Amino acid sequence: MTPEELTQMRDQTRQKKSDCKHCVNVCTAAGCLSLRSDQLKDAIDKAVHHAGRQDEVTVKSVGCMGLCSGGPLVSVESGDDEVMYHDVKPEDAGELVQSLDTEPVKRLQCPSDMPFFTQQTKIVLENSGKIDPELLEDYIANDGYAALTKALTEMSPEDVIKEVQTSGLRGRGGGGYPTGLKWSTVAKSPGQKKYVICNADEGDPGAFMDRSVLESDPHRVLEGMALAAYAVGADAGYIYVRAEYPLAIARLKRAIRQAERAGLLGAHIGGSTFRFMIELRLGAGAFVCGEETALIASVEGKRGQPRPRPPYPAQRGLWGCPTLINNVETFANIAPIVRNGGDWFASIGTEKAKGTKVFALAGKINNTGLIEVPMGISLREIVENIGGGVPDGKQFKAVQTGGPSGGCIPIDHLDMPVEYDTLKQLGSIMGSGGMIIMDETSNMVDVARYFMEFCMSESCGKCVPCRVGTWQMHELLTKIIAGEAAPKDLDLLKELCEVVQNTSLCGLGMTSPNPVLSTLRYFEHEYLERLNTNGHGATAEAASTEGA
Amino acid sequence: MILAMDTPMAPPSDDKRWKIVEATIRRNGAADHSLIEVLHTVQQAFGYLDDPSLKFVASQLRLPLAKVYGVATFYHFFQLKPQGEHTCVVCMGTACYIKGANKLMAMAKQKHDLEDGGTTPDGKVSLLTARCLGSCSLAPAVVYDGDVAGRVEEDQMHARFEEWKK
């Protein structure tokens, strides 16, 4: 597709949309889909036909609208007005269609001034819930592939890297490494063949941002990867996606096919000499594959075990070639940065963390779902305002960020701004964006054991500190919960945390003590309450010998 | 020890599903790095990976059987045992855990004597766990034969098992 054809398609699709009086969008991302939103869409379609209004009302499937707890969600766009409905059932279809020219259906309507919607800043999710993820022209109508065209016609690869550097974008997968710096390293690495890999192995339990982006706006990720490939000089790319995300896989496959057919991927992209192909690689359920060297091993068809770095993948990655690995959300930020300029992006967020971050809110919170907020927003704003607080009149206790590599942040620190460095100071990490809210009924030692159990079974077994250390820490936590541990067991646990942290080979091991350390830091009394101080741990000794 | 074989062997049976597997192998040019893709196809077609299928894949991709076995056992997604007629996957992600996924597992153990990876003696129901389905807003989430169900309670899951066992 040449730039002219792209503009033509964009204008045609926009025209078609403005010709339509009402547009009914039904969320068909995984959350709403498992509440049978596909049947709901059929029911609305039927109701529209029944009313004979198919010429002026379009019914379409869109991606995630964010407020997953209110699913299935429907939004109705009439000109510039938009009405949002929650918990819509197929039985409501008739009433909904009838209401199109009159007053909205009050009983299903989401209040439009809800902080959940008004307090967000959308960059990554700007198309989610607006476009049909299965239609290329819908993406193009929202300036899709405009950034790629701009880069290919007006910018050199160095210009693209410069723009990304100016933006201050940092990796959204958890590490927070400056994206522009990574790109320039790969670009400078000598080698004829280079690769771009998209890490879509969203392994943190309680995180579903990447799934949602892939299901709601797959072309956005492809465009980001193509821009990266152009910038670093790669001609092949892989998306490593979890096998547990069947809908995301199906939509990615379709998007790749569409882009290839339209000449936006493949040889001579946009009529230029730039060529880039993308292939999918399915994960098979191994958390450690989120680590970049393990991920590369898995793409090569091997067991996903990490190797020591350096050399970093930027120098020697997939099949020994320089490889750029970024996470889904990072790639999703690229097209808007190239389109609007790095300065625009850098104007959002804080001094050290630019742009926005997508978070998955889950656990004991009223508005579970997906949110995108500017960096530097306070945790309180997220939990109490956007998230709508803790349900059932319970008391908020802690928020867990960063999954098994992160930690729990208690109520006293709720006013801290959310950015890479402050979360680190609090003993947690930004992570990929999972936020699990816990209320007073959650037992923090149990939470620590839950994550340790996770790390223990996900440890790949390559290095001893992680393989043996996580097992031993899990045993100690189990002992503490059973009330059989002596004070010296707690000391041993603390010592082990330090050893595993300092001596493990990869991030999985190094960060596995974090949930224990952060709960010890803020909730040590919960550990102490469970210690057996009678008889100086004699029972504990007996129990452990018996167990062995 | 069986090392990589010189001549690729024929499929273990004349089951038509092997055609699908062979097509995947051909599409990937029988490259050794397509091992995980091929294993996915075998599991999709047959439900699990048995010894003959692992040997077949090893010979086709010219890989040592030990390597194929190593990969098949390394990843949780691959099943080495046949599954029951129906499968129930309980999500054990953080959100589901906080909202009581362990109670669902306890119910399965107590009322159906099922643990993670187990199948009822009549071969009707298999119970599995997942790390996270990404359906955290529906916690606790369960997958019944491929369909995700949200906000599942113990009675509901029990009723579904009873229905399957009929």
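Not measured: the values here are computed from a predicted model. We use all heavy atoms of the structure for the numbers below, so side chains are in, but hydrogens, waters and symmetry mates are not. Here is the naming used below: chain letters follow the sequence lines, and residue numbers restart at 1 for every chain.
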- Would you check if the side chain of B/Tyr75 reaches a backbone N or O of A/Gly304 as a donor-acceptor pair within less than 3.5 Å? yes
- Item | Atom CD of B/Glu162: over 12 foreign heavy atoms under 6.0 Å | yes
- Item | Value rounded to 0.5 Å, distance of OG1 in B/Thr73 from CZ in A/Arg303 | 6.0 Å
- Query: Is it the case that more than 12 heavy atoms not belonging to A/Glu440 sit under 6.0 Å from its CD atom?
  - Reply: yes
- Item | Proximity breakdown for A/Arg211 and chain B, heavy-atom pairs closer than 4.5 Å | side chain
- Task: With a 4.5 angstrom heavy-atom cut-off, could you sort out which part of A/Ser457 is near chain B: side chain, backbone, both or neither?
- Result: both
- Can you tell which part of A/Cys289 gets under 4.5 Å to a heavy atom of chain B, answering side chain, backbone, both or neither? side chain
- Give a yes or no on whether the backbone of A/Pro205 and the side-chain of B/Thr94 come within a donor-acceptor separation of less than 3.5 Å. yes
- What part of A/Phe287 gets closer than 4.5 Å to chain B, counting heavy atoms only: side chain, backbone, both or neither? neither
- A/Tyr450 side chain to B/Met92 main-chain N or O, any donor-acceptor pair under 3.5 Å? yes
- Task: Mark yes when over 12 heavy atoms from residues, nucleotides or ligands other than B/Gln44 sit less than 6.0 Å from its CD; otherwise mark no.
- Result: no
- Part of B/Leu138 lying under 4.5 Å from any heavy atom of chain A: side chain
- Task: Mark yes when over 12 heavy atoms from residues, nucleotides or ligands other than B/Gln110 sit less than 6.0 Å from its CD; otherwise mark no.
- Result: no
- Query: Picking from B/Gly93, B/Ala72, B/Cys91, which has the most non-hydrogen pairs under 4.5 angstrom with chain A?
  - Reply: B/Gly93
- Item | Whether over 12 other heavy atoms sit under 6.0 Å from B/Lys165 NZ | yes
- Note on the structure: Checked A/Glu244, A/Lys364, A/Met438 vs chain B; the most non-hydrogen pairs under 4.5 Å come from A/Lys364
- Note on the structure: Ranking A/Gly203, A/Gly71, A/Gly206 by heavy-atom pairs under 4.5 Å to chain B gives rank one to A/Gly206
- Message: For a quick test of reading the model, state the closest non-hydrogen atom pair linking B/Gly134 to A/Tyr245 and the distance between them.
- Response: CA-OH, 4.2 Å
- Task: Measure the shortest side-chain to side-chain distance between A/Glu300 and B/Ile36 over non-hydrogen atoms and say whether it is less than 4.5 angstrom.
- Result: no
- Task: Carefully, step by step, assess A/Trp319 and B/His33 under the rule side-chain contact (heavy atoms from CB on, under 4.5 Å).
- Result: CA-CA 10 Å; A/Trp319 292 302; B/His33 59 78; 3.4 Å; yes
- Task: Taking atom CZ of B/Phe46 as the centre, report whether more than 12 heavy atoms of other residues, nucleotides or ligands fall under 6.0 Å from it.
- Result: yes
- May I ask you to name which of A/Ala207, A/Cys68, A/Ala362 has the most heavy-atom pairs under 4.5 Å with chain B? A/Cys68
- Message: Only pairs of heavy atoms separated by less than 4.5 Å count here; which of A/Gly285, A/Gly283, A/Gly369 has the most with chain B?
- Response: A/Gly285
- Task: Step through the shown structure and confirm whether more than 12 heavy atoms of other residues, nucleotides or ligands are within 6.0 Å of NZ on A/Lys253.
- Result: no
- Portion of A/Leu67 that has a non-hydrogen atom of chain B nearer than 4.5 angstrom: neither
- Query: For the atom pair CG (B/Leu133) and CZ (A/Arg242), what is the distance rounded to the nearest 0.5 Å?
  - Reply: 7.5 Å
- Is the shortest distance from a Lys or Arg side-chain nitrogen in A/Asp204 or B/Arg131 to a carboxylate oxygen in the other one below 4.0 Å? no
- Query: Between A/Ala360, A/Pro246, A/Gly363, which shows the greatest number of heavy-atom pairs under 4.5 Å with chain B?
  - Reply: A/Gly363
- Message: How long is the straight-line distance from SG of B/Cys132 back to CZ of A/Phe208, given to the nearest 0.5 Å?
- Response: 8.5 Å
- Message: Please rank A/Ala284, A/Ser298, A/Gly403, A/Ala286 by heavy-atom pairs under 4.5 Å with chain B and give me the top one.
- Response: A/Ala284
- Item | Approximate separation, where rounding is to 0.5 Å, of B/Tyr97 OH and A/Ser442 OG | 10.5 Å
- What part of A/Leu282 is in contact with chain B, defined as an atom under 4.5 angstrom from a non-hydrogen atom: side chain, backbone, both or neither? both
- Query: Between A/Val288 and chain B, which part of the residue has a heavy atom less than 4.5 Å away: side chain, backbone, both or neither?
  - Reply: side chain
- Query: Which region of A/Ala243, side chain (C-beta onward) or backbone (N, CA, C, O), has a non-hydrogen atom less than 4.5 Å from a non-hydrogen atom of chain B, or is it both or neither?
  - Reply: both
- Item | Stepwise side-chain hydrogen bond (donor to acceptor under 3.5 Å, both in side chains) test for B/Ser34 and A/Arg281 | CA-CA 9 Å; B/Ser34 64; A/Arg281 276 282 190 260; over 6 Å; no
- Query: Could you walk me through whether B/Lys99 and A/Ile436 pass the side-chain contact (heavy atoms from CB on, under 4.5 Å) check?
  - Reply: CA-CA 11 Å; B/Lys99 289 210 169 171; A/Ile436 313 278; over 6 Å; no
- Task: Might you confirm whether atom CG of B/Asp14 has over 12 heavy atoms from other residues, nucleotides or ligands at distances under 6.0 Å?
- Result: no
